[in-house]
Amino acid sequence: MPLRARQRCHTVLTGLAALALSLALAGPAHAAAPAADTWTEVGSDRADPLTESQGLASVEVPAGSPNRYTGIGTVPLALSVRGWNHVGDPDASYDGHYVEPYQRDDGNTKMFRVQAPDGSWSEYVHTLGAGEARNNSWAAISPDGQWMLAGEWGTMNRLLVFPTPGVNPATSPSADLPQAATVRLDRAVRDVQGCDFLDATTLLCSSDDPEGTLFGMTKPLLRIDLSAPPNGTADVTGQVTALRQLPLRSACSGAFEAEGVDYDRRTGTLRVIVVSPGFCVLTDSKTYRFTRG
């Protein structure tokens with residue numbers, strides 16, 4: 001090889017080596033972002049518009065417990081006449097405490113109704129804080145059972161953290177349920193209808209976003225990666241990623257509504273309710289099932 005060619009080759013190799021070293025020191029360009037999840041649809045079941053149109057939860061204790069659902073038809077009359085006329089997406093702790101979130105059209109409170117493993121019910125009322133929306137769309141209990149996340153309707157950049165009513169010893173039906181901390185999101189979310197913990201620092205959420213301007217799609221399935229497990233003593237941050245659009249299939253055209261979400265760690269199955277538009281709300285609303293990968 002001529003001397004000039006060898007010099008050019010040496011210069012190129014030196015530059016490549018320097019570039020490789022700088023990349024190695026800097027780490028992968030995508031290291032700060034979580035790896036993308038793939039959730040594949042594996043089946044569906046009809047969702048009854050009266051009793052399965054708001055939310056759902058898998059219950060581990062007692063063993064063999066059926067999945068629970070909420071809808072307008074599951075609101076007890078005794079609650080409805082007292083003003084608690086809407087129930088959102090429920091959740092259950094791993095020890096069998098089942099929690100339903102309720103809201104009303106007036107006043108400055110929201111309520112969480114809790115069924116203990118022995119079957120008894122109790123109510124925990126939370127007085128709204130400054131700027132807190134009245135609606136109570138969903139509840140998600142942390143894997144350790146001690147903390148519960150809840151969300152508000154509309155475009156929001158936060159989730160609310162409460163001690164889990166009936167589980168956390170700091171709670172009592174006779175005392176106001178206090179907000180303990182906040183999850184501060186790195187980007188806004190819209191009309192979140194349900195969230196569930198995938199693990200101690202990961203949430204899967206269904207968004208009923210009708211506009212599609214936040215993530216480039218309507219009705220997205222979201223993942224929120226928390227900076228730390230919620231512990232009620234300090235705020236944590238949440239990194240939001242849109243994973244996919246939820247299925248929007250019906251014999252009718254019009255506006256679908258994404259509803260509650262449940263992740264069953266025993267089977268690795270994610271379930272999300274999508275309510276069909278128009279008359280088809282009665283015929284082909286679905287609970288879709290997904291598995292990872």
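All values below were derived from every heavy atom in this structure, side-chain atoms included, with hydrogens, water molecules and symmetry-related copies excluded.
Annotation: side chain of Leu159 is in contact with side chain of Trp138 (closest heavy-atom distance under 4.5 Å). Here the side chains of Thr287 and Tyr69 are in contact, with some heavy-atom distance below 4.5 Å. In this structure, the side chains of Asp191 and Pro210 come closer than 4.5 Å at one or more pairs of heavy atoms. Within the 4.5 Å cutoff, side-chain heavy atoms of Phe112 are placed close to those of Asn136. With contacts defined as side-chain heavy-atom distances shorter than 4.5 Å, the pair Leu243/Leu204 qualifies. Looking at Val75 and His86, their side chains never come closer than 4.5 Å, going by heavy atoms from C-beta outward. Looking only at side-chain heavy atoms (C-beta outward), Asp89 and Ser137 stay at 4.5 Å or farther from each other. Counting heavy atoms from C-beta on, the side chains of Lys219 and Leu248 come closer than 4.5 Å.
Salt-bridge annotation for Arg46 and Glu52: absent, with no side-chain N of the basic residue lying under 4.0 Å from a carboxylate O of the acidic one. Remark: Glu41 engages Arg249 in a salt bridge, criterion side-chain N to carboxylate O under 4.0 Å.
Residues Ser250 and Asp284 bring a donor and an acceptor atom of their side chains to less than 3.5 Å of each other. A donor-acceptor contact closer than 3.5 angstrom links the side chains of Arg190 and Thr155. With hydrogens and angles left out, the side-chain atoms of Thr218 and Gln245 include a donor and acceptor closer than 3.5 Å. A side-chain donor-acceptor contact under 3.5 Å links Thr202 and Asp199.
Ser58 pairs with exactly one of Asp262, Asp196, Thr267, Asn67 by the side-chain hydrogen bond (donor to acceptor under 3.5 Å, both in side chains) rule, that one being Asp262.
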query: Do Tyr124 and Phe162 pass the ring-ring contact (aromatic ring centres under 6.0 Å, His included) test, and can you show the C-alpha distance, the side-chain angles, and the key distance before you say yes or no?
result: CA-CA 11 Å; Tyr124 295 76; Phe162 299 92; over 10 Å; no
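Taking the ring centre of Phe290 as origin, the terminal cationic atom of Arg244 falls outside the region bounded by 6.0 Å and 45° from the ring axis.
The shortest non-hydrogen separation linking Ala242 to Pro220 is CB-CB, 4.4 Å.
Going from atom CG of Asn108 over to atom NE2 of His126 covers 9.5 Å, rounded to the nearest 0.5 Å.
Around the CD1 atom of Ile72, the shell of radius 6.0 Å holds no more than 12 heavy atoms that belong to other residues, nucleotides or ligands.
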